[in-house]
Every structure is written in C-alpha cells, then in structure tokens.
Amino acid sequence: MPSMSVTPNKISYSAAMSACEKSGRWQIALELLGSMPEIRVMPDAYNYNAAISACAKAGRWQLALSLLGQMPEMSLTPGTVSYSAAISACEKSGQWPLALDLLSQMHILQGTPDAIIYNAAISACEKGTRWEAALAILNAMPVILVIPDRISYNAAMSACDKGGQWQMALEMLIQMPAKSVQPGRISYNAAISACAGGSVWQLAVHLANLMSLERIVPDEISFSSAMGACEKGGEWQQALCLLGQMAAASVEDTVARNAAIVACFVAGQWQEALWLGQVIVVTSDCNLGSSFGALVMESEQRDLLAVELSLTARLSEAARQGELFPGAAVVLDSSAGFRDTPSAEQDPARSKSLLDSVILAVTSSSVKRAPDQHLLRSMSLPYQREMALLRHVFASAQPGSAAATAEAIDDFGRELGEAGSWAKFAGGSKAAALLAAMSGGPPTVRSDEVAQPGKSVRGTRGSVLEIGTYIGNSALRLAATLPGVHVTTLELDPVLVAIARSLIAFAGLAACVDVWTGHSKLLIPRLSKVVASGHSSVRPCFNAIFMDRWGSQYDEDLALIQQHGLLQESGGVLVADNVLSTAAASFLWQVARPGELTSGQGESHQADGAKDGGHQNLNSVQFVSQMMVVQEVADTSEEDWMSVSVSLTRRGTNCTADVELPSELAELQAASERLRERVVTTGGREVARSEMPAFLIRTEAVLTQFGIFPSG
C-alpha cells in the first residue's frame, strides 16, 4: 500500500491481523499491532481484538492477557469481543482460574456477559477437568437471565466426561429437552464418551442406537466412543454389531475398528480380531501401533508365524509403495526372523546371514548418514529418522560391539541436537543414570525365570522389564551393562520393534533381549499367564523395571505391574524417565510423596521433618524414591527428572492408608495430557519448543510444593 502511495488505516491493519489470526500467524499479527504507531495510526479496540484473537487461537494466553491489560493504558475499553477472545485463550490452555477471573471482571466492568462468554468459561473449566466449576457456571446462567444453549450443555457434559462423572453427563442430556434445548450429535457424543469412561458399555451403546431414533446421524466419534466402551468391557459381540452399523451408515473409522479388535483380544476371540485386521489399510498417517500392533502381538504370542509374516509383509509393501519410509521394508522383512532365529551359538551361520543381509540393505539405501538440516527437513515419511539412525550405526560401529553401538547412537543424537532437532532415546547422562539405578537391583527371587509372555523361560541371574522400547537403545545398554540379566522390552509399534530387533542383533545381544510387540495393557497381564497351549511357566518376577511413558500412562502400567505382582517385593527397582517434562504427577504422588503413611480410622499422617524421598503404599507395596536430574543427549542444556524407586517389604492391604491426589497435582496432570495431545497431533517439535519451557517451570514448582524434587 505505501508503494502505491496509499496509507494503511485501522481497517487495513484489522483486516490483515484477522487474516493472520485465521492462518495461525500470531507473531505477524503482533508485529502489525506494534508497527501501527510508527505510521501515526493509533490502534483501536478492533485492532486489539484481532491481535488478542490471534494469540488466543495459538494458545498464547499470556500474550492475550497482556494485550487485554494494555487496552486501558491506550484509553481503550475492552468489550465483549475482547474478553471473549481472552477467555478463549485461557480455555485453550486450561487456565480455568484466569478464565473465571475474567468472567468476574466483566460482571464488574461490563455488566452481565452473554452466553458466548459463559460458554468459553465453561469450556475453560472443561479443559482444566473442573467439572464442579463448569456445572456451577451452567446452573448460574439462568439465575442472571442468561439462557444456556446447546454449546453450554455440550461443554458442561464434556467437563463431566473428563472428570469421570458419567451420571451427571447423562442427567444433563436427559434434561436438555425440558430446558427447550435439543441435544445434537456433539451432545450425544459427550454423553457416550462419558459412559465409556465410566465403563458403562450398555448405556454407551444404547445412546449410540438412540441417536438414529432421534434422527441424529452418528459419526466417527459416536461409534469410536461406543466401541471404546465395548473394548473396556470385553463385549466383542456388541463391538462387531457396532461395526456392522458403521458399515451401514457408510462410516469408516480406524480408531473404532482398532477398539473392536482389542475388544476381541480381551475376550479371547483372537480369530475374530485377526479377521477384522485383514481390511486395515496402511497409510502414512495411520497409527500402526494401535492398528497392527495388537495383531502382530497375538501372532507372536501364539506362535502363528505364517500370520506374523503376512502382517509384516503388508507393512513392508506399504513401505515400498511410499506410505512408510521405503528403507523400513528390509527390517520389517527380517523382524520375525530375528525373533525366531536361534542364538548365534546354536546356529551362527543363519544368524550371521540374516544380520548381514539387513546391514547390506540398510547401508546401501539412500538415507544419509548424518542428520543434517536438509535431511531433517525432508524427514516427512514415518520412520525416516529412525532408519537414518540405524544406517548411521551400521555404517560407523563394529558389529557385535555393544559399546560401539551405544556410542554410535549417542553420536547420532548429538548430531540431531546440532541440526536443531531432538532425540527420543536415553543417551548421555540419562543412560548413565538409568544404568546406575538398574545396576542396584538385586537378583530376582525366582532366579531360574525370565519373562517371556506365555513361554517357558531360560535360566539367568535376574531379569529386567522395559516398557517403551522405541529403537532398543535402553534395552541393549541394560543387557550389555548387566551380565547374565535377561531384558524383556515391550513396544506397541511393529515397525519400531523391527528396527529395535535389528539394532540389538547388530550389537550382538539378541540372546539377551526379547523385544515383544504389543500394548503394555495387553502384554503385562500376559507376562503372568500361559498363552499358548503346550507351554508351561510360573509367573515371572522382575528385579527391575524401566518405564519410558507419558503422564497418566505411568499410572496405568504401575497398576498392572502391582496387580500381577511383576516387581520383586523387596528391593525391586522401578525407574521412570521424563517424569518432569511429562508431569507424571499422579505417579510421583504414588511412589515418591514424602512422609510415612500409617493406617488408622481411614486417616493418613505425614512424618515430622520429612522433606524428600519417602514411603508410599500402592496395592500393599511401599516404595522409597529419589529424583535424579538428567540431561538430554541432543541438547545437554535441557534437563529432566528420572525417578528411581525401590520396593519395600510387601505389607497387608490394611497396613497403610491411601492419600487422595491433591487438586493442584490433578490439574498439572490434566495440563500434561493436553500438552501430549498437541504434541501428538502437531508432530511435537514446535509445540515442545514453544510451550515446554514454561510448562517445565510450572511442573517443577508444583511438584516441589508437595515435597517431590531432586535431593542435593
């Protein structure tokens, strides 16, 4: 405009900032706002509203609130749009207390807010899992003559869903017609999801069927939520019925089909599950862990080698067709072979031949050795980064040398950091801390057992379980550092399993490490059972367990470990990585909160003077824990925490009392789950770079407040 001798005015800037808002360019919107005074155009409320909205859409709640606070300084009065955008910014980030503060300010400065403002506040409470506050706002609206609409009820029901209050969500759905508000698809979906979360599969299925009677067409969310309820209840027949309804409605959803497959596995109907898996199409954006992971798991556990080879062949073909990184095809083709191949001592020629073929194929591929900037920008296909690491190791390390393999992995991680990327494996100080902690574990009580789901076990001094294999980095380091100890490692993604098996075989540790495909919630129970007929084993007991998970996943796995008695009762070592960056608040509250807990009349007491470490009961097992500060291998300036817990003598179930998770820790964990969702859906790095620093500061402050922090 200036080049055409036209001076931009307030309307010009407002329109440009609105364009930036809609395209997520919040930085440019702020630059435009800041540049207005330079050409003697003073911003008005519309300009500020556009900038606040841009920040709100990007989840930049601090900037949105800062702009709102600047408006009075510019002699501008924030209006409904200003407050609505600021509350929306708080909503997206789960800052429900700030959203309620803004709502109170509006009452004082602007009079009664409208339904849009109230809906944003309810949504903020929903994001913060504050269902009580959401219901309080909903119930207060009619009192001040603001009529709740469908959006109000939907947000409140979603808050009840996330708060585990399925009865309240169902009650609101029933009440809506009496309040002259007709439920819509989103309303039913929220209620179905709440019933699924409450494991009330009958009601979830009934609501899904009721939608058709109310002439509301169910969508992917409707079916997947109802199917999730059937999965939890093991109602495989009902799950198949829902799949039939989906087909009749011309709805195809991989999440729903995966839930039906898991429901069949849980109910022992593995033939039905494998049949359902025949129609799954491998694409570059599908979650192979959720879809193929359970199928490959079952074929491995039941020694269905032909089925396993058929499944991996489908994945290999998808790689060759460009849906996955083409180089992954060769490791997929060899995955079952590495699992089924006898040890090198029994058949050295066969083992060497298989490994040599993989090394030759990987090193002759087109993947560059070093992760330079050009390579990182081109890493758009799934598993391209992992295959680049595998090639780097094969090209630079000596086969059969675990130490050289580990050093090559660390070298790749450092190159990732120099290229501005990040590494998802534990190397450097993290690896050192892990190995030091796990080395402290005593030999397992049952020294003649090794955990191998559903199979007879080999003799060894002890055994270690890892949950979250990724590329096999930690597993091979553990096997190399702990002679005579057998490592069992679990990984959901069959492609990562194939890469890990290749890497471990290259390091010469295939006889010491078993890499199993499958979700921990399905595999952990099977570690204590006989799966295939003709095999016999007693329940294994691990002397050490390493978990590399996120937030609430630690709770789920720990509950299963305790339920099935898989950790040695006295002196067993439990290590959890990334407990600071993932804000594993509930898990740490269970294993590391300070103070001795004693039973009484349902009360708990904290020992005087307890500040760090501590004892904790969970399913009649106590722990003493310590936090360790560790650095990332790709960037040593990035710190995280690793928790190390040692189990104490098992006690009776009435010897100690549980203490409810404080609300501050519950809110922190909820924020962690929201962050995880954004990391997964956006690819991770940009979210991690922009949000993680502030999140780490908040996490450390909250955990320290409750006596959970590194000693020293």
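Counting begins at 1 with the first residue of the sequence.
Checked for salt-bridge contact, Arg501 and Glu491 miss the test: no charged N lies under 4.0 Å from a carboxylate O. Using a cutoff of 4.0 Å between basic side-chain nitrogens and carboxylate oxygens, Lys521 and Glu231 are scored as salt-bridged.
Residues Val487 and Phe546 are not in side-chain contact: their nearest non-hydrogen atoms beyond the backbone lie 4.5 Å or more apart. Residues Gln269 and Gln237 fail the side-chain proximity criterion, which asks for heavy atoms closer than 4.5 Å. For the pair Pro662/Phe706, a side-chain contact is recorded, criterion being any heavy-atom separation below 4.5 Å from C-beta on. When side chains are defined from C-beta on, Phe709 does not count as touching Glu700, because their heavy atoms never get closer than 4.5 Å. Using a 4.5 Å heavy-atom cutoff, the side chains of Ser474 and Asp548 are not in contact. Gln301 places a side-chain heavy atom less than 4.5 Å from the side chain of Leu523. Counting heavy atoms from C-beta on, the side chains of Gln622 and Ser647 never come closer than 4.5 Å.
Nearest heavy-atom pair, Leu276 versus Arg257, reported as atom, atom and distance to 0.1 Å: O-NH1, 3.7 Å. Nearest approach of Asn189 to Ser222, heavy atoms of both residues: OD1-OG, 2.5 Å. Closest heavy-atom contact between Trp201 and Ala229: CB-O, 3.5 Å. Summarising the geometry of Val575 relative to Ala437, their closest heavy-atom pair is CG2-CB, 3.8 Å, with the distance given to 0.1 Å. The two atoms that bring Tyr554 and Arg549 nearest to each other are OH-N, 3.1 Å, heavy atoms only. The two residues Leu668 and Ala585 have their closest heavy-atom pair at CD2-CB, 4.2 Å.
In the model, Asp555 has a side-chain atom that pairs as donor or acceptor with a side-chain atom of Gln669 under 3.5 Å. Asp493 and Tyr470 form no side-chain donor-acceptor contact under 3.5 Å, judged by distance and modelled atom types alone. No side-chain N or O of Ser193 forms a donor-acceptor pair with one of Ser225 less than 3.5 Å apart. Counting only N and O atoms by type, the side chains of Ser672 and Trp550 include a donor and acceptor under 3.5 Å apart.
In this structure, Leu465 CG and Phe542 CZ are separated by 4.5 Å, a value rounded to the nearest 0.5 Å. Here the CD1 atom belonging to Ile561 is positioned 5.0 Å from the CE atom belonging to Met547, to the nearest 0.5 angstrom.
Remark: the backbone N or O of Ala190 is not paired with any side-chain donor or acceptor of Ser158 at under 3.5 angstrom. Side-chain N or O atoms of Gln165 include none that pairs as donor or acceptor with a backbone N or O of Trp131 at under 3.5 Å. Not a single donor-acceptor pair under 3.5 Å links the side chain of Thr481 to the backbone N or O of Leu478.
With Ser581 as the fixed residue, the side-chain contact (heavy atoms from CB on, under 4.5 Å) test singles out one of Val579, Asn578, Asp577: Asn578. None of Val497, Leu305, Val515 except one satisfies the side-chain contact (heavy atoms from CB on, under 4.5 Å) rule with Arg339; the exception is Leu305.
Under a cut-off of 6.0 angstrom, the local environment of CG in Leu435 is crowded, with over 12 non-hydrogen atoms contributed by other residues, nucleotides or ligands.
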